[in-house]
Amino acid sequence: MRSIDEQMAILMQGVEFGDPQLYQVMEAELRERLSEGRPLRVYCGYDPTAPDIHLGHTVTMRKLRQFQDLGHEVTFLIGTFTGLIGDPSDKEALRPQRTSEELMANASTYAEQAFKILDREKTIIRYNAEWLSKLTFADAVRLASHFTVQQFLARDNFAKRMVKGDPIWLHEFFYALMQGYDAVMLQTDVQIGATEQLFNLMAGRKLQEAFGQRPQVCLTLPILVGTDGRIRMSKSASNYIGISEPPEQQYGKVMSLPDEAMMQYFRLVTRFTPDEIARIEADLQAGRLHPRDAKMMLAREIVSIFHGDEAAARAEEHFKTVFQQRELPPEMTEYALQAPLPIVDLICTAGLAPSKREARRLIEQGGVKLEGHTIQSADMIVQPGPPRVLQVGRRRFVRVV
RNA sequence: GGGCGGGUACCCAAGUGGACAAAGGGGGCUGACUGUAAAUCAGCUGCGUAACGCUUCGGAGGUUCGAAUCCUUCCCCGCCCA
């Protein structure tokens, strides 16, 4: 095992608390536990509210991986029960509740995806329905008695809703209790979470104390912004990059990040060392490194994490030909044209636009090309014939055969 | 339980009998430009024929030549009171 100083340097990298005092407390507590020379029990929970894991989830997973690599015991907790309620932490509005069936279906793919980051051999997978579903109402009441309503109302997201007059549902309060109870059941030393999770992580400390356990160390990491560069990455905001998405798509999405968001991505989702990242940032500022080239490095690294170096190289080639040189991609899907068909119908049935109306609009805006020639009239009829390339917008292609 | 306010398109939000497929913003899309699917600028953004029509403003009924707008009823949310 590495020295405690070395471990601390790695483990505290990227950790962020709003309050410097809290940072010092947690740092000291972590050091203390590490000095006990035993593998620490570390966990992070993930609610399977969507079937796919995206880059935002990987921020904490990477931290878990670092613990693993240092010989600690990592539990990947899947929130099959907490997901039923929906975590209000990241929301200023109510989350939709999922059914057990949805959650189980999502959960089955979660762990598999997580192993693109985590070490499969060293990861313990647990589901919190295992213990949360067994609690009685009396148990729930007992858990609730450790918290005051004011403590909950002081949370920023609840406070905002109060001010706006938006509803805050009673069941949303239970989320923190449940997550806190997870920590009790897992008897954790350390819990990882996003910064917005702090309240929930602290609830774990509180409940652990109430159950006679030593309160866990909490480590929070910044929230990754989505591809719009403004709000947090999430499925519902459709600004996410899924870790199972095809290489070309991942690469393209990274390239569409606003320049300002680049450095955050370097810091939170890549395998670059802090030194390397500092150098990139300095080069960018000095003008020695072109922002586009930096972003291409980022895109390549991210694709490489999930699909390997070879796929990353291919994705980069694809991007260069299609977007930088405006040439056709090497591969595209084919559409068999049997009989003459109006161009708008062709666009729709080939899946290049959701409706004929939309197809018509695209043509009017000069966004449709057949064999490189912009289509002028929406009334055009396409005849069967030799293979031709139909292009809609910048990035949708079909070979008509 | 009572009083008041509210439910509008993917989201936020204007609209209080015809000029409403419904302002504005966000998001999305297209084009120009570029350093790129960044930034910036412009346009488009319910559906189908292209004359017009159809579906849409919490649900269901109704009044009217005509309803997002008026009436009845039901469902849901907020605030205040209990």
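- Nucleotide B:G78 forms a pair with B:C4, judged by Watson-Crick or G-U wobble geometry with both contacts under 3.5 Å.
- Between A:Phe319 and A:Tyr251, the ring planes are tilted. Angles from 30° to 60° get that label.
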Quiz item: Given the rule in the side chain to side chain contact (heavy atoms under 4.5 Å, CB included) test, do A:Asn200 and A:Arg155 qualify, once you have shown the distances and angles that lead to the verdict?
Solution: CA-CA 11 Å; A:Asn200 295 333; A:Arg155 285 189 78 175; 3.7 Å; yes
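- Base pairing analysis places B:C20 opposite nothing; no Watson-Crick or G-U wobble pair with both distances below 3.5 Å involves it.
- Across all strands shown, A:Arg396 has heavy atoms under 4.0 Å from sugar-phosphate atoms exclusively, and none from any base.
- The CZ-P distance, from A:Phe323 to B:C33, rounds to 18 Å in whole Å.
- For the residue pair A:Thr195/A:Glu16, the side-chain donor-acceptor check at 3.5 Å is not satisfied.
- The residue among A:Met262 and A:Cys348 whose nearest nucleotide of RNA chain B lies closer to the 5′ end is A:Met262.
- For the 3.5 Å distance criterion, the side chains of A:Thr227 and A:Asn239 fail to qualify, holding no donor opposite an acceptor.
- Contact check, A:Lys295 against B:G35: no side-chain N or O comes under 4.0 Å of OP1 or OP2.
- Not one side-chain nitrogen or oxygen of A:Arg394 sits closer than 4.0 Å to the OP1 or OP2 atom of B:C29.
- Atom P of nucleotide B:A38 and atom CZ of A:Phe266 are separated by 18 Å, given to the nearest angstrom.
- For B:U40, the paired base is B:A32 (Watson-Crick or G-U wobble, both distances below 3.5 Å).
- Rounded to a whole angstrom, the distance from the C1' atom of B:U8 to that of B:C57 is 4 Å.
- When only modelled atom types and interatomic distance are considered, A:Lys253 and A:Gln250 share no side-chain donor-acceptor pair under 3.5 Å.
- Under the Watson-Crick and G-U wobble criteria, each requiring two contacts below 3.5 Å, nucleotide B:G48 is paired to B:C52.
- Judged by the 6.0 Å and 45° rule, A:Lys369 forms no cation-pi pair with A:Phe397.
- Heavy-atom nearest nucleotides on RNA chain B were determined for A:Leu257 and for A:Pro354, and the one closer to the 5' end corresponds to A:Leu257.
- If you check B:C29, B:G35, B:A37 against the side chain of A:Met255, the one that comes closest is B:A37.
- Nearest nucleotide to the A:Pro167 side chain, out of B:G35, B:U49, B:G78: B:G78.
- Counting distance only, with no hydrogens placed and no angle test, the side-chain atoms of A:Gln365 and the base atoms of B:G43 include a donor-acceptor pair under 3.5 Å.
- With a 3.5 Å ceiling on both atom-pair distances, the Watson-Crick or G-U wobble partner of B:U73 is B:G59.
- Between B:C52 and B:C41, the two C1' atoms lie 36 Å apart (nearest whole Å).
- At B:A38, none of the side-chain N or O atoms of A:Ser256 fall inside 4.0 Å of OP1 or OP2 (strictly under the cut-off).
- A:Arg357 comes within contact range of at least one nucleobase, with a heavy-atom separation under 4.0 Å.
- Taking all atoms of both residues into account, the shortest heavy-atom contact from A:Tyr43 to A:Gln179 is OH-O, 3.5 Å.
- Ring pair A:His57/A:Tyr46 is perpendicular by interplanar angle, where above 60° counts as perpendicular and below 30° as parallel.
- Side-chain N/O atoms of A:Asn239 and base N/O atoms of B:G27 include no donor-acceptor pair closer than 3.5 Å.
- Aromatic ring pairs are classed by plane angle as parallel below 30°, tilted from 30° to 60° and perpendicular above 60°; the pair A:Phe152 and A:Phe158 is tilted.
- We find that CH2 of A:Trp169 is positioned 8 Å from C1' of B:C76, with the value rounded to whole Å.
- Backbone-only contact: A:Gly393 has heavy atoms under 4.0 Å from sugar-phosphate atoms and none from a base.
- Listed pair A:Ser355 / B:G48 meets the phosphate criterion, a side-chain N or O lying under 4.0 Å from OP1 or OP2.
- If you take CD1 of A:Ile375 and C1' of B:G31, they are 16 Å apart, rounded to a whole angstrom.
- Within the structure, a side-chain polar atom (N or O) of A:Arg361 is placed less than 4.0 Å from OP1 or OP2 of B:C47.
- The residue from A:Glu310, A:Glu317, A:Glu316 that alone fulfils the salt bridge (Lys or Arg N to Asp or Glu O under 4.0 Å) condition with A:Arg314 is A:Glu310.
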Measure all distances between protein nitrogen or oxygen atoms and nitrogen or oxygen atoms of nucleotides 2-8 of chain B, and list the pairs falling under 3.5 Å.
none

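- Of the listed nucleotides (B:C29, B:G78, B:C33), B:C29 has the atom at the smallest distance from the side chain of A:Glu358.
- B:G1 sits 28 Å from B:C12 when the P atoms are compared, rounded to a whole Å.
- Following rounding to the nearest Å, A:Asp293 (CG) and B:U36 (P) show an atom-to-atom distance of 9 Å.
- The side-chain hydrogen bond (donor to acceptor under 3.5 Å, both in side chains) test with A:Gln7 singles out one residue from A:Gln66, A:Arg31, A:His72, and that residue is A:His72.
- Phosphate contact (OP1/OP2 of B:G35, side-chain N/O of A:Arg292, threshold under 4.0 Å): absent.
- Separating the C1' atom of B:A42 from that of B:U34 is a span of 16 Å, rounded to the nearest Å.
- Here the P atom of nucleotide B:A38 and the OH atom of A:Tyr251 are 14 Å apart, to the nearest Å.
- Rounded to whole Å, the separation between the P atoms of B:C10 and B:G17 comes to 26 Å.
- With both ends at atom C1', the span from B:U16 to B:A22 equals 13 Å, rounded to whole Å.
- Computed from coordinates, the A:Arg161 CZ to B:G78 C1' distance equals 13 Å when rounded to whole Å.
- As judged by a 4.0 angstrom heavy-atom cut-off over every strand, A:Pro258 is placed among residues touching the sugar-phosphate backbone only.
- Of the C1' atoms belonging to B:C20 and B:A67, the separation is 11 Å, rounded to the nearest Å.
- Atom name P, nucleotides B:C47 and B:U55: the rounded distance is 16 Å, in whole Å.
- In this structure, A:Leu284 atom CG and B:A38 atom P are separated by 18 Å, rounded to whole Å.
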